[in-house]
Each structure stands twice: as structure tokens, then as C-alpha cells.
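Reckoned from all heavy atoms, side chains included, excluding hydrogens, waters and symmetry mates. This chain uses plain numbering: 1 for the first residue, then up along the sequence.
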Amino acid sequence: MTVIMDGKSCADKIIEKIKSEVVQYDKKPTLAVILIGNNHASSIYVANKQKKADYIGFNSILINLPYDVSENNLLEQIYKLNDNPDVNAILVQLPLPKTINQQKILEAIDPIKDVDCFTSYNFGWLALGYNPYVVPCTPKGIIRLTDEYKIDLEGKNIIVIGRSNIVGKPLSLLLEQRNATVTVAHSKTKNLTALSSSQDIVISAVGIPDFITTEYIKEGAVVIDVGINRTDKGITGDVKFDEVKDKASFITPVPKGIGPMTIAMLMENTLELFKIQHSFIN
Ligand code: GUN
């Protein structure tokens, strides 16, 4: 019997735990989100993040800048948030317009407020196996969900398909820290079907609907779908769920899989940064 991994209920439990913890502090943790332009998908993601922050009892600040905002203006906004002691976490929603140098913008975030772990300071610490202030939300959410289902990662052969800075790269580091044997595949990988179908765990973050079919999956493998693709049929993942689910031992659905876990980890990271800044821990 295949287990459908319920990211929504796992995320809800985490959210309730954070909510009950937050009431004991006299200050509210504050998450500031910078959104450039009015990209439909980004606007929905940001609205969902803010709704969850409000529900928990965090302060949430939205800074929505026009698509043609200058790099200097954007940097000014980040410096202001860095200097504001009431702001604990800063998130710059990606992707940025092509005219803006992403590296310059993300590096401007104070590492102690870097809720995504996007600065080279935090990412470097992650890569070296030290503890960054917080670890990236989606990879953290994937590992938390496998923990919830008691899936042991140690010694497992795991393929991560996609090498983005947001998911693939940091996820491969975190899995390696759990003593998994990790392969990172990408658009130039040869014989992906053969490679993937030999793996114990397949994690897809490619952003192509129905990309992962049964040929990519070994009988009894764990399948984690990180894709959020907007199609005529609504939101779908990267995995052809209906056929792959019969071959997998565990599989995440889309929606209600990794998506809600990412938001829950963003809330957890906001709380962790708040606690670090107020010296409740460390
Ligand atoms: N765009 C898509 N996913 C993410 C994320 O996890 N963080 C940020 N900042 N932008 C994103």
C-alpha cells in the first residue's frame, strides 16, 4: 500500500506549535517580504506567506515595489529593514526582474535576518557543514516531512533532479549531512531514466508537469514532488501522480505536499531568527 505523505497536516501541526509558542513572548516576531512587480504566481505565494504569518500572530510587512524599481532603491529598502530592530526576518521574493543583479540584492540582506539562507555567509556555512542561522525553507520542509514518516535517509541512494540555489543545491547538502548518497541531476544529465530508476528516493524539482513517469521510478521508491506548475488543469507537480503512486512506497501529492511544508518552515525560520536576535537561544 502506497503512503500519500500529507504535507498539509504535518505543516498545520507545526504552525499550531509555533502559534502556541508565540503567545508567550511580549514582542511579536516580524517577517518582512519584498515583492517586485505583480507576477501572478509570486503574488499568490507572498499572500499565502502573509496569511500564515498573520494567523500565527507574527507581524508581517509587505513592501511591494514596481517592476522597474532601480537596484539602488531596492538596496535602500533592504538596508532600512536590516537597521530596523523590530524586523527579524527578510525575504526577497524570487525571481527578480532580469535588470536587477540578484547576487547583489541577496548579499545585502543581514545574514542574521536571512530567512531563506540565500546569503553567501549562511549558504557557505551550510556547505561547510556548520550551522547557518537557519537552513533553506523548501529543503528543510522536505527533510522534516520524511522525518515525520520515519523514512531513514542514512545510506540511501537519493537523486535530486534540479540544481537550483533554492532547492537542489541546498537539499543535496542537507541530505549528505544525513549520510545519504546523493546524485544531483539536471538538464544536461545523460541517461536520466536509467539513473533515476536505480534510486531509493527520487526528488523532483524541475518545474515540468508530468515529467516523472513510472520509468523513472524503482518499485517501492520514495517519490517527493517539489514542482508547482500552473497548467490548464490547475496546479500540478512534476510527477505523473496517478501512475507513479502505484509503484512508490511513499509519495507526496501536489497540492498539499511540499508546498505547505515550505511555508511552515518559513514561519519556523522567522521564529528562530527572532529567538536568536533576542538571545533566547544560542
Ligand atoms: N521563489 C520561489 N521560491 C522561493 C523561496 O523559497 N524563497 C524566495 N525568497 N523566493 C522564492
Enquirer: Just wondering, do L153 and I201 contact through their side chains at under 4.5 Å, heavy atoms?
Expert: yes

Enquirer: Under a 4.0 Å threshold between the charged nitrogen and the carboxylate oxygen, would E268 count as salt-bridged to R144?
Expert: yes

Enquirer: Check whether the side chains of Q199 and K156 place a donor and an acceptor atom closer than 3.5 Å, and report yes or no.
Expert: no

Enquirer: Just by modelled atom types, is the G234 backbone N or O under 3.5 Å from a matching donor or acceptor in the T231 side chain?
Expert: yes

Enquirer: Using only heavy-atom distances, determine whether the side chains of E16 and Y55 contain a donor-acceptor pair under 3.5 Å.
Expert: yes

Enquirer: So, taking the atom named CG in L96 and the one named OH in Y67, what distance separates them when rounded to the nearest 0.5 Å?
Expert: 9.5 Å

Enquirer: Closer than 3.5 angstrom, by distance alone: can the side chain of T214 be matched with the main-chain N or O of V244 as a donor-acceptor pair?
Expert: no

Enquirer: How are the rings of W125 and Y130 set relative to one another: parallel (under 30°), tilted (30 to 60°) or perpendicular (over 60°)?
Expert: perpendicular

Enquirer: Between L35 and L65, is any pair of side-chain heavy atoms under 4.5 Å apart?
Expert: no

Enquirer: Check whether N59 reaches the backbone of P29 with its side chain - one donor and one acceptor, N or O, closer than 3.5 Å.
Expert: no

Enquirer: Would you say the side chains of D225 and T252 form a donor-acceptor pair under 3.5 Å?
Expert: no

Enquirer: Quick one: does I166's side chain get under 4.5 Å of P136's, heavy atoms only?
Expert: no

Enquirer: Before accepting this row, confirm whether a basic side-chain N of the pair E215/K247 lies closer than 4.0 Å to the acidic partner's carboxylate O.
Expert: no

Enquirer: Of all heavy-atom pairs between G220 and S249, which one has the smallest distance, and what is that distance?
Expert: O-OG, 2.7 Å

Enquirer: Same cluster for I14 and L174 if Ile/Leu/Val/Met/Phe/Trp/Tyr side chains link at under 4.5 Å?
Expert: yes

Enquirer: Is a side-chain N or O of N122 found less than 3.5 angstrom from the main chain of P132, in a donor-acceptor match?
Expert: no

Enquirer: Checking S43 against N38: is there a side-chain donor and acceptor pair closer than 3.5 Å?
Expert: no

Enquirer: Between V254 and I44, is there shared hydrophobic-cluster membership here, with clusters defined by ILVMFWY side-chain heavy atoms closer than 4.5 Å?
Expert: no

Enquirer: Among I203, V202, D238, L145, find the one that has a side-chain contact (heavy atoms from CB on, under 4.5 Å) with I224.
Expert: I203

Enquirer: Spell out, yes or no, whether I100 and L91 are grouped together once hydrophobic residues are joined by side-chain heavy atoms under 4.5 Å, including indirect joins.
Expert: yes

Enquirer: H278 vs F274 aromatic rings, parallel, tilted or perpendicular, using cut-offs 30° and 60°?
Expert: tilted

Enquirer: Step by step, would you call V135 with L173 a side-chain contact (heavy atoms from CB on, under 4.5 Å)?
Expert: CA-CA 11 Å; V135 303; L173 294 166; over 6 Å; no

Enquirer: Picking from D83, L106, V92, I63, what satisfies side-chain contact (heavy atoms from CB on, under 4.5 Å) with I78?
Expert: V92

Enquirer: Looking at OG1 of T119 and CD1 of I109, how far apart are the two atoms once the value is rounded to the nearest 0.5 Å?
Expert: 7.5 Å

Enquirer: State the CD1-OG1 distance between I61 and T30, to the nearest 0.5 angstrom.
Expert: 5.5 Å

Enquirer: Can any side-chain N or O of Y216 pair as donor or acceptor with the backbone N or O of L195 at less than 3.5 Å?
Expert: no

Enquirer: Could you tell me if the side chain of Y149 sits less than 4.5 Å from the side chain of D6, heavy atoms only?
Expert: yes

Enquirer: Under a 4.0 Å N-O cut-off, is there an ion pair linking K218 with D200?
Expert: yes

Enquirer: Are K19 and V22 packed together at the side-chain level, in the sense that at least one heavy-atom pair is separated by less than 4.5 angstrom?
Expert: no

Enquirer: Measure from the side-chain N and O atoms of Q77 to the backbone N and O of N72, and report whether any donor-acceptor pair falls under 3.5 Å.
Expert: no

Enquirer: Between K113 and L81, is there a donor-acceptor pair closer than 3.5 Å when you use the side chain of the first and the backbone of the second?
Expert: yes

Enquirer: What's the separation between atom OG in S42 and atom CG in L94, rounded to the nearest 0.5 Å?
Expert: 8.5 Å

Enquirer: Side-chain heavy atoms nearer than 4.5 Å, only ILVMFWY residues, links allowed to pass through others: does that put I151 and M265 together?
Expert: yes

Enquirer: Linking I/L/V/M/F/W/Y whenever any side-chain heavy atoms sit under 4.5 Å apart, do I228 and V206 land together?
Expert: no

Enquirer: Any salt bridge between D12 and K8, counting N to O under 4.0 Å?
Expert: yes

Enquirer: For the residue pair T138 and L171, establish whether any side-chain heavy-atom pair is separated by less than 4.5 Å.
Expert: no

Enquirer: Look up atom CG in N88 and atom NZ in K275, then write down how far apart they are to the nearest 0.5 Å.
Expert: 12.0 Å

Enquirer: Would you compute the distance between atom CG of D54 and atom CG of L31 and round it to the nearest 0.5 angstrom?
Expert: 9.5 Å

Enquirer: Under 4.0 Å between a Lys/Arg side-chain N and an Asp/Glu carboxylate O for R178 and E154?
Expert: no

Enquirer: Is any side-chain heavy atom of K28 less than 4.5 Å from a side-chain heavy atom of F58?
Expert: no

Enquirer: Are more than 12 heavy atoms from other residues, nucleotides or ligands located less than 6.0 Å from atom NZ of K17?
Expert: no

Enquirer: Donor-acceptor pair, D114 side chain versus C117 backbone, under 3.5 Å?
Expert: yes

Enquirer: Could you walk me through whether L266 and V115 pass the side-chain contact (heavy atoms from CB on, under 4.5 Å) check?
Expert: CA-CA 7 Å; L266 173 64; V115 74; 3.7 Å; yes

Enquirer: I'd like to check I251 versus M5 (side-chain heavy atoms, cut-off strictly below 4.5 Å). Are they in contact?
Expert: no

Enquirer: Donor-acceptor pair, Q93 side chain versus V33 backbone, under 3.5 Å?
Expert: no

Enquirer: For M261 and I142, what are the C-alpha separation, side-chain angles and deciding distance, and is it a side-chain contact (heavy atoms from CB on, under 4.5 Å)?
Expert: CA-CA 7 Å; M261 290 302 295; I142 292 167; over 6 Å; no

Enquirer: When you measure from the side chain of E148 to the backbone N and O of C10, does any donor-acceptor pair fall under 3.5 Å?
Expert: no

Enquirer: Apply the test side-chain contact (heavy atoms from CB on, under 4.5 Å) to residues T189 and T183: give CA-CA distance (whole Å), side-chain angles for both, the deciding distance (0.1 Å), then the verdict.
Expert: CA-CA 11 Å; T189 298; T183 303; over 6 Å; no

Enquirer: Would you please test E243 and T213 for side-chain hydrogen bond (donor to acceptor under 3.5 Å, both in side chains) and show each step?
Expert: CA-CA 7 Å; E243 60 177 60; T213 55; 4.8 Å; no

Enquirer: In plain terms, say whether K169 and E176 are close enough for a salt bridge, that is, a side-chain N and a carboxylate O under 4.0 Å apart.
Expert: no

